[in-house]
There are 4 protein chains.
Amino acid sequence: MGRPPLKKKSIERSALELFVEKGVDGTSIRDIATRAGVTEGALYRHHKGKEELVRALFLEHFTRFAALIAATQAPQKSFAEVITKLVEVFFTLHDEDPPVFEFIMVARHRVLDEVRADEKNPVELIYRLVKEAIKRGEIPDQNPDLLTELMIGMVLQATVGVRYERLKPPLTKHAKAVAKACLAVAGTTKR
Amino acid sequence: MGRPPLKKKSIERSALELFVEKGVDGTSIRDIATRAGVTEGALYRHHKGKEELVRALFLEHFTRFAALIAATQAPQKSFAEVITKLVEVFFTLHDEDPPVFEFIMVARHRVLDEVRADEKNPVELIYRLVKEAIKRGEIPDQNPDLLTELMIGMVLQATVGVRYERLKPPLTKHAKAVAKACLAVAGTTKR
Amino acid sequence: MGRPPLKKKSIERSALELFVEKGVDGTSIRDIATRAGVTEGALYRHHKGKEELVRALFLEHFTRFAALIAATQAPQKSFAEVITKLVEVFFTLHDEDPPVFEFIMVARHRVLDEVRADEKNPVELIYRLVKEAIKRGEIPDQNPDLLTELMIGMVLQATVGVRYERLKPPLTKHAKAVAKACLAVAGTTKR
Amino acid sequence: MGRPPLKKKSIERSALELFVEKGVDGTSIRDIATRAGVTEGALYRHHKGKEELVRALFLEHFTRFAALIAATQAPQKSFAEVITKLVEVFFTLHDEDPPVFEFIMVARHRVLDEVRADEKNPVELIYRLVKEAIKRGEIPDQNPDLLTELMIGMVLQATVGVRYERLKPPLTKHAKAVAKACLAVAGTTKR
DNA sequence: AATGAATGAGATTTCATTCAT
DNA sequence: AATGAATGAAATCTCATTCAT
């Protein structure tokens with residue numbers, strides 16, 4: 001094995017940040033190279049092109065995210081417990097590296113259109129949680145799709161609040177409050 | 001007078017729809033012209049370029065939105081009443097013309113960076129409502145920034161749910177439920 | 001006969017001025033229309049297009065210029081008299097309407113390539129004067145081409161001096177001095 | 001390093017020639033690329049655009065010209081000596097590379113508007129020479145601005161004469177005659 | 001006579017990608 | 001591994017001209 005690819009990480013990090021700041025379509029190879037302190041050709045040593053780079057970055061992080069999120073699931077846990085855990089996990093993932101979290105949010109539609117109804121899709125996961133909680137009487141009967149959206153909306157918007165400096169980081173400090181809000185909306189009966 | 005601007009509306013509508021579908025940077029002038037059934041040059045009779053077109057479309061609709069949203073304000077109304085009204089107004093605006101609503105959401109960061117801390121900014125408006133409600137004891141003492149984000153998150157995510165066909169339109173059908181969710185999160189004491 | 005073409009003169013004057021200020025290629029139809037206070041189409045009511053407009057403007061004024069210049073010729077006059085008269089005529093034409101004079105200078109190569117070795121060409125005219133003066137012994141034997149260029153250079157550069165505000169107009173005030181310079185260069189022996 | 005910039009010189013030379021032949025506004029990027037044997041985009045590797053290319057070419061050569069012209073200055077030399085030297089230098093610069101000389105003439109108004117009253121401006125330099133010569137009694141009292149223009153006019157028109165094949169190159173062959181003409185116009189008293 | 005929207009051609013510029021070094 | 005000149009295609013924009021009004 002030769003020397004480690006010194007610039008690879010730099011290229012990938014620069015790309016990720018720029019994708020968040022200006023969008024994938026708004027970011028050029030030259031933008032990435034400039035920020036990474038390399039020249040345009042260097043990117044092609046490591047990736048086939050811009051779209052492949054987006055895909056690679058997405059899958060690298062999303063896989064990790066999905067695994068951590070899936071691990072929150074446990075049949076014996078109550079709806080309240082799982083939701084609380086989920087919010088914590090989401091916020092921890094965000095705080096760990098906010099640009100990475102934001103990139104996943106930005107890139108998911110572009111990449112996930114191929115993976116749409118995937119079981120790993122957090123929307124699907126939460127939807128199933130809600131359905132089961134209703135069936136088990138943990139929360140009142142209601143439109144499970146709507147509740148899913150509302151909870152997801154609160155979690156995601158909290159990350160937006162941090163990005164625009166309307167909420168003080170770290171986000172994990174707000175996890176309890178947001179989880180409580182989710183349960184309030186769900187109308188959780190038992191604790 | 002020369003020919004009346006038959007194609008202006010068509011160009012603007014096509015642009016707006018494409019901006020929502022593929023993003024501003026992902027939409028080319030050619031895309032717009034093709035959908036509008038004109039040649040590329042026609043756009044420049046009416047707008048200086050793509051960025052100016054985005055700005056013009058945004059300001060046109062945002063101004064109308066802001067006026068309607070500001071009109072929900074009335075000093076004698078309770079927090080619950082105003083929030084309920086606001087959700088209704090948001091959802092009505094959405095249902096009226098979902099692409100226009102979505103375009104405003106998509107374009108706001110691009111355009112509003114110049115208008116940031118504007119009083120017309122709905123985030124600001126809701127924040128002030130929350131602060132006053134806390135002061136008047138209508139809702140428990142809490143982080144007003146967080147509550148603001150949570151309510152906004154729910155409202156916006158509901159529109160996303162419709163876009164991805166996870167929620168059945170029209171959105172106004174869900175207004176009552178979403179308003180109730182907002183009040184549940186706020187912990188409204190009086191009704 | 002209907003109304004007179006009110007805007008025709010305005011278009012032509014605006015075009016002429018812009019051709020001088022920014023060059024023919026640097027001036028667009030829109031530039032002309034804007035300065036003339038009309039719309040783009042109006043020009044085509046009076047002229048076939050930009051090139052034809054240049055040609056028309058050039059020929060209109062050049063014809064008049066050429067006639068006045070040709071009138072300076074008289075067989076019985078001395079070289080000194082004709083040169084003095086010529087400088088006066090040139091400077092009078094310039095002072096009468098400097099933009100017109102400058103336009104003729106700017107456009108001559110573009111238009112005169114068709115008329116090149118024309119007898120009306122002032123260069124040709126002066127060249128013949130010089131040749132005859134040498135033959136008649138009015139001036140010393142010398143390179144007639146060079147003398148021609150030197151005299152033309154002085155006359156034209158004087159107009160440039162006025163344009164760049166290095167010489168005080170009117171130019172006719174300098175006619176005597178420039179004529180004297182021409183004769184000094186020629187080495188005129190008799191007066 | 002990547003490939004050495006094989007085509008840069010070719011692009012710049014082609015541009016310079018075309019600017020002289022057809023004017024800057026009459027020359028398209030495509031014209032330049034075609035003559036240089038490259039594609040249109042290649043130009044942008046080396047220059048920001050056409051205007052910047054004009055500026056770069058102008059400054060590169062003008063700086064060299066100005067240095068050589070300034071070097072003709074020496075306090076102990078007579079007006080006649082300096083003028084003779086100046087004409088020689090101008091003509092040598094012209095003969096060395098006529099297109100470069102002509103380009104400087106063509107581009108100077110476009111670029112020099114920013115550098116106008118610069119001391120390096122040859123017009124200024126000659127003006128100062130003339131003023132001093134008058135003060136020192138080397139030439140009769142007269143309008144120094146006019147004399148400056150007349151001398152410049154002769155020198156420049158000589159280069160025009162060569163371009164239009166009315167004067168036989170090389171121009172340096174005519175230097176003595178033109179210098180003599182300048183001194184005749186100035187009315188130099190001492191030799 | 002004049003308007004000005006629209007066209008069609010082309011000019012300028014950007015950009016992902018390739019490749020010789 | 002990295003460079004950066006150059007390409008080829010596409011995007012943005014300009015402009016002379018036409019034509020319905």
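The figures that follow rest on heavy atoms only: side chains count, while hydrogens, waters and symmetry mates do not. The sequence lines fix the lettering, A, B, ..., with proteins before strands; numbering per chain opens at 1.
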Colleague: Can you find a heavy atom in the side chain of A/Lys8 that is under 4.5 Å from one in the side chain of A/Arg45?
Modeller: no
Colleague: Distance check: side-chain N/O of B/Lys8 vs OP1/OP2 of E/dA5, anything under 4.0 Å?
Modeller: no
Colleague: Could you spell out the base pairing of DNA chain E in dot-bracket, with Watson-Crick or G-U pairs whose two distances are under 3.5 Å, [ ] crossing and | to another strand?
Modeller: .||||||||||||||||||||
Colleague: Of the candidate nucleotides E/dT3, E/dA5, F/dA16, which contains the atom at the shortest distance from the side chain of B/Arg3?
Modeller: E/dA5
Colleague: Treating C/Lys50 as the side-chain partner and C/Val24 as the backbone partner, does any N or O pair qualify as donor plus acceptor under 3.5 Å?
Modeller: yes
Colleague: Using the closest heavy atom to pick a nucleotide of DNA chain E for each, name whichever of D/Pro4 or B/Lys7 lands nearer the 5' end.
Modeller: B/Lys7
Colleague: Could you go through A/Thr159 and A/Met105, starting from their C-alpha distance and side-chain angles, then the distance that decides it, and tell me whether this counts as side-chain contact (heavy atoms from CB on, under 4.5 Å)?
Modeller: CA-CA 10 Å; A/Thr159 71; A/Met105 294 301 118; 5.5 Å; no
Colleague: Are any of the side-chain heavy atoms of A/Leu156 and A/His94 separated by less than 4.5 Å?
Modeller: no
Colleague: Parallel under 30°, tilted from 30 to 60°, perpendicular over 60°: which one fits the rings of B/His109 and A/Tyr164?
Modeller: parallel
Colleague: Which pair of non-hydrogen atoms, one from B/Phe58 and one from B/Leu112, has the smallest distance, and what is that distance?
Modeller: CZ-CG, 3.8 Å
Colleague: What's the shortest heavy-atom distance between D/Val54 and D/Phe103, and which atoms?
Modeller: O-CZ, 3.7 Å
Colleague: NA contact type, C/Leu43, heavy-atom cut-off 4.0 Å: base, sugar-phosphate, or nothing?
Modeller: nothing
Colleague: What donor-acceptor contacts under 3.5 angstrom involve side-chain atoms of residues 25-39 of chain D, with partners at least two apart or in another chain?
Modeller:
unit_1	atom_1	unit_2	atom_2	d
D/Asp25	OD1	D/Arg110	NH2	3.1
D/Asp25	OD2	D/Arg110	NH2	2.9
D/Thr27	OG1	D/Leu18	O	3.2
D/Thr27	OG1	D/Gly23	O	2.8
D/Ser28	OG	D/Arg30	N	3.4
D/Ser28	OG	D/Asp31	N	3.0
D/Ser28	OG	D/Asp31	OD1	3.4
D/Ser28	OG	D/Asp31	OD2	3.3
D/Asp31	OD2	D/Lys22	NZ	3.1
D/Asp31	OD2	D/Ser28	N	3.0
D/Thr34	OG1	D/Arg30	O	2.8
D/Arg35	NH1	D/Glu17	OE1	3.1
D/Arg35	NH1	D/Glu21	OE2	3.0
D/Arg35	NH2	D/Glu21	OE1	3.0

Colleague: Return the residues of residues 21-42 of chain A meeting this criterion: a heavy atom under 4.0 Å from some atom of DNA chain F. Order them by number, or give none.
Modeller: A/Val38, A/Thr39, A/Gly41, A/Ala42
Colleague: Report the distance from atom NE2 of A/His46 to atom C1' of E/dT17, rounded to the nearest whole Å.
Modeller: 16 Å
Colleague: Verify the contact: side-chain N or O of D/Tyr44 to OP1 or OP2 of E/dT14, cut-off strictly under 4.0 Å; return yes or no.
Modeller: no
Colleague: Let me know, please, whether C/Glu51 or B/Glu51 comes out on the 5' side of the other along DNA chain F by nearest nucleotide.
Modeller: B/Glu51
Colleague: Among residues at least two apart in sequence or on other chains, which ones pass salt bridge (charged side-chain N to carboxylate O under 4.0 Å, His left out) with A/Glu60?
Modeller: none
Colleague: Using a strict 4.0 Å threshold on nitrogen-to-oxygen distance, state whether A/Lys9 and A/Glu12 make a salt bridge.
Modeller: yes
Colleague: Return the nearest nucleotide to the side chain of D/Arg45; candidates are E/dA5, E/dT17, F/dA5.
Modeller: F/dA5
Colleague: To the nearest Å, how far apart are D/Leu6 CG and E/dT21 C1'?
Modeller: 11 Å
Colleague: Using a 4.0 Å cut-off on heavy atoms, which residues in residues 10-20 of chain B reach DNA chain F? List them by number, or say none.
Modeller: none
Colleague: Do the charged groups of C/Arg64 and C/Glu96 touch, with an N to O distance under 4.0 Å?
Modeller: yes
Colleague: Whole-Å distance between E/dT13 C1' and B/Lys50 NZ?
Modeller: 14 Å
Colleague: Could you check how far NE2 of B/His47 sits from C1' of F/dT12, rounded to whole Å?
Modeller: 16 Å
Colleague: Using side-chain hydrogen bond (donor to acceptor under 3.5 Å, both in side chains) as the criterion, list what pairs up with B/His61, not counting sequence neighbours.
Modeller: none
Colleague: Can you tell me how far P of F/dT17 sits from CD of C/Glu52, to the nearest Å?
Modeller: 10 Å
